[in-house]
Asks: 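Below: one structure in C-alpha cells.
Every value quoted in this text rests on a predicted model; they were computed, and no experiment measured them.
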Amino acid sequence: MSGTASTSGEYIKHHLTNLTFGHYDGHWGFAHSAADIKQMGFWALHVDSLAWSIALALLFFLLFRAAAKHATAGIPGGLQNFVEWIVEFVDTSVKESFSGRNPLIAPLALTIFCWVFLMNLMDLVAVDWLPMIAGLFGEYALSMDPHHVFFKVVPTTDPNITFGMALAVFYLMIYYSIKNKGLGGFLRELAFQPFGKWGLPANLILEGISLISKPVSLALRLFGNMYAGETIFILIALMYGGGWLLGGFGGLLQLGWAIFHILIITLQAFIFMTLTIVYMEMAHNEH
Amino acid sequence: MNINATLIGQSIAFFLFVLFVMKYVWPPLMAALDERKKQIADGLAAAERGHREHELSEQRATEVIREAHEEASLIINRAQQRASEVVDESKGKAMEEAERIIESAHSTIEQDTNSAREQLRTQVSALALAGASQILQREVSESDHQQILSELSAKL
C-alpha cells in the first residue's frame, strides 16, 4: 500500500487520481488534491497519462522504425519477424474490412492496435510499483507529501486519452465522409436515411445519434473495460494489507485476474482497431 | 473522471504518431513484404519451370536413345545385308574364275592333244616310211613319192 496511514477509501481514491498540472490558487503547478483539480477546470493536463501515452507510442514507433529501417526481403531476423507478424495481421484485418484505397488506413490501424495494446499492457504492472516509485521520488527529490503525488500508469483508464483517440478517429471519419461523398452527400446521408425525405426530422435524430455514438462508444468501451480492470486490481491489492491469509488469497486472485486481463487487453486493442477500420470504410462508401 | 486539455494533447499526439507510422514505418515494411512475396513467387515459378524442363529433357533423352537404337539396328541390318552381298559377289567371282581356269585348262589340253597328235602323225609317217622302205628293200626317192606319203600321213 502506498501509505501506512491511509484508509482503503483514500487508497483507492489516490490510485484513481491523475497527476494533474494546471492553474489553481492563482498559480500554475501540480494539483495536491481533488479540490485543486476541480479548480483547474478544462485547461489542465494529466501529465502522467500523457507522458505514459507518448512514451509508449515512442516505444512502439522506435521499435517498428528500427525494424522498418533494416527491413529486407531476405530472411527476417527476430525483431523484423515479430514486427512483420503484427503488420501482416493488421494488413489482413484492413484488407478484409476496408475496400477503398487510402494509404492512411492501414498505418492508422497499426498505430491504434499497438498503441492501445501497450497502454493497456501497463495495467499488468503491479498497481503499486510505479505510483510508489513516483511517491518516493516526489517525497525525497521534490520534498512533497507522498499522499499528494498522484500517478496513474495506465493511460487508457483516463477517459481523456480514450476520448482523445476516439475523437481523432471521429474527425477522420467526418473528413473522409465529406471528402469522398461531398458535403451534400454527407448531409444527405444524415437527412434522408433511413425514412426518405418525408421523415427528415426522424432521420436527423437517428443518424445524428448513430454518428455521435460512434466515437462515444469507441472511447467508453475502452475506458470502461480498462477502468474496471484497474479498479479490480486496486481492490485486490487492498487485500495485501489484511494479513498473510488474505494477502495470499489476494495474490492468487491478482494472478488469475492478470491472466484473464491479458485477453481483455488484446481484445480491446483489437476492437478499437477493427471499429476504426469499419468506420473508415463507412466514410469511404455509400451505405 | 475529469475531461480536460489532456484530450487535445492525446488527439494531437495521435495524429502525429499516425503520420509518423504512415511515413516511416509502413512503407518500408510493406515494400520488404511485397518484395519477399515476389521473390517467393519467382522462386516457385523457377522451380516449376526447372521441373518442367527436367521432364522435357528426360523425354528428349529417351527419344534420342530410342532413335539411336533404331539407327544402330538399321546400320547393323545394312551391314549384314552388305556382308551377304559381298559374300555372294565373291562367290560369283570365284565361280567365274574357276570356270575360266577350267576353260583355259580345257583349251590347253586340247592344244596339247592336237600338237601331240600332229607329232605322233609325223612320227608315224616317218616310221611308216622307214617301215615301207625296209619292206621294199630299196631306196625310195623321197621326192618321187612325196605325194603318196602326204596322202598317207593325211589319212592317218
Asks: Under 4.5 Å heavy-atom distance to chain B, tell me which part of A/I37 shows up: side chain, backbone, both or neither.
Replies: side chain
Asks: Tell me, out of A/T162, A/L167, A/I112, A/L104, who's got the most heavy-atom pairs with chain B below 4.5 Å.
Replies: A/L104
Asks: Does B/E118 come within less than 4.0 Å of B/R121, counting only side-chain N to carboxylate O?
Replies: yes
Asks: Taking B/E85 first and then B/R82, would you say they form a salt bridge - that is, a charged N and a carboxylate O separated by under 4.0 Å?
Replies: yes
Asks: Contact part of B/L16 toward chain A, heavy-atom cut-off under 4.5 Å: side chain, backbone, both or neither?
Replies: neither
Asks: Let me know if B/K37 has heavy atoms under 4.5 Å from chain A in its side chain, its backbone, both or neither.
Replies: side chain
Asks: For the pair A/F60 and A/F64, name the ring-plane relationship: parallel under 30°, tilted 30 to 60°, perpendicular over 60°.
Replies: tilted
Asks: Do you know which of A/T157, A/V90, A/L172, A/L50 has the most heavy-atom pairs with chain B at a distance under 4.5 angstrom?
Replies: A/L50
Asks: Are B/R100 and B/E97 close enough for a salt bridge, meaning some N to O gap below 4.0 Å?
Replies: yes
Asks: Give the ring-plane orientation class for A/W28 versus A/F21, where under 30° counts as parallel, over 60° as perpendicular and anything between as tilted.
Replies: parallel
Asks: Heavy-atom distance under 4.5 Å to chain B: side chain of A/V47, backbone, both or neither?
Replies: neither
Asks: Centroid separation under 6.0 Å, is that true for the rings of A/Y227 and A/F223?
Replies: yes
Asks: As an exercise: rank A/P155, A/P76, A/G41, A/S49 by heavy-atom pairs under 4.5 Å with chain B and give me the winner.
Replies: A/P76
Asks: Is A/L110 in contact with chain B via its backbone, its side chain, both, or neither, using a 4.5 Å heavy-atom distance?
Replies: side chain
Asks: Give, as side chain, backbone, both or neither, the part of A/D158 having an atom under 4.5 angstrom from any heavy atom of chain B.
Replies: side chain
